Amino acid sequence: MMLLWKLLVLKSLMGCLAESSVLQSPVFTKQPGSIVFPVDSQENNRDVVFSCEAQGSPSPLYRWKLNGTAITPKSGSHYSLSGGNLRISHLNKDQDAGTYQCLASNSFGTIVSREASLTFAYLGNFKTHRRNSVSVREGQGVVLLCGPPSHSGAVLRNVQG
Ligand SMILES: *[C@@H]1O[C@H](CO)[C@@H](O)[C@H](O)[C@H]1NC(C)=O
């Protein structure tokens, strides 16, 4: 009987040790990346999601900052938080462009993610004025220059033909 009692005490002690050894301050398992959103995107879906995930015990709570100011995802706002992920719906260039950071906290501390930017890309129309004609001898090469229209974000050049 005594032995059984000792075993029980030992077992519960070990249980406590095992539990306390998993207590852990948060560590990121996923951090947000920068997003470029096309301004005149025809999609109805004008949402973006910044992802953030951290491990820790107790489980971390998440907060987000935009340009260093705390974001409050209350109901009815265009922010929503799902786990650590921040969804921004009905994107607005003036309200939402900036630098985002995720914060994960538990009783052992707070960690701050890398900065992820949200930028809005646009591409103006090409100028439609006529080019001067270019004369070339048959069989020779020619270079026609093409300046990109006004834009924000990288412009890809597609070469065809
Ligand atoms: C955040 O900072 C950037 C760079 O200074 C600025 O262009 C942007 O408008 C700011 N965003 C907000 C929502 O204040």
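All ligand and atom numbering here is 1-based and tracks the order in the structure. Position 1 is the first residue of the sequence; numbering continues from there. No experiment lies behind these values; they were computed from the predicted model shown.
Between the side chain of Trp64 and the main chain of Gly84, a donor-acceptor pair closer than 3.5 Å is present. Put simply, the side chain of Thr99 never gets that close to the backbone of Asn67: no donor and acceptor are under 3.5 Å apart. Side chain of Ser77 to main chain of Tyr79: a donor-acceptor pair is present (N/O by atom type, distance under 3.5 Å, no hydrogens or angles).
No donor-acceptor contact under 3.5 angstrom links the side chains of Asp47 and His90, judged on distance only.
No side-chain heavy atom of Gln31 sits under 4.5 Å from any side-chain heavy atom of Cys102.
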Between ligand 1 and the protein, which N/O pairs fall short of 3.5 Å?
from	atom 1	to	atom 2	distance (Å)
ligand 1	2 (O)	Asn67	OD1	3.3
ligand 1	2 (O)	Asn67	ND2	2.3
ligand 1	11 (N)	Asn67	ND2	2.9
ligand 1	11 (N)	Ala97	O	2.8

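Residues Ile35 and Ile71 fall within the same hydrophobic cluster, defined by Ile, Leu, Val, Met, Phe, Trp and Tyr side chains chained together at heavy-atom separations under 4.5 Å.
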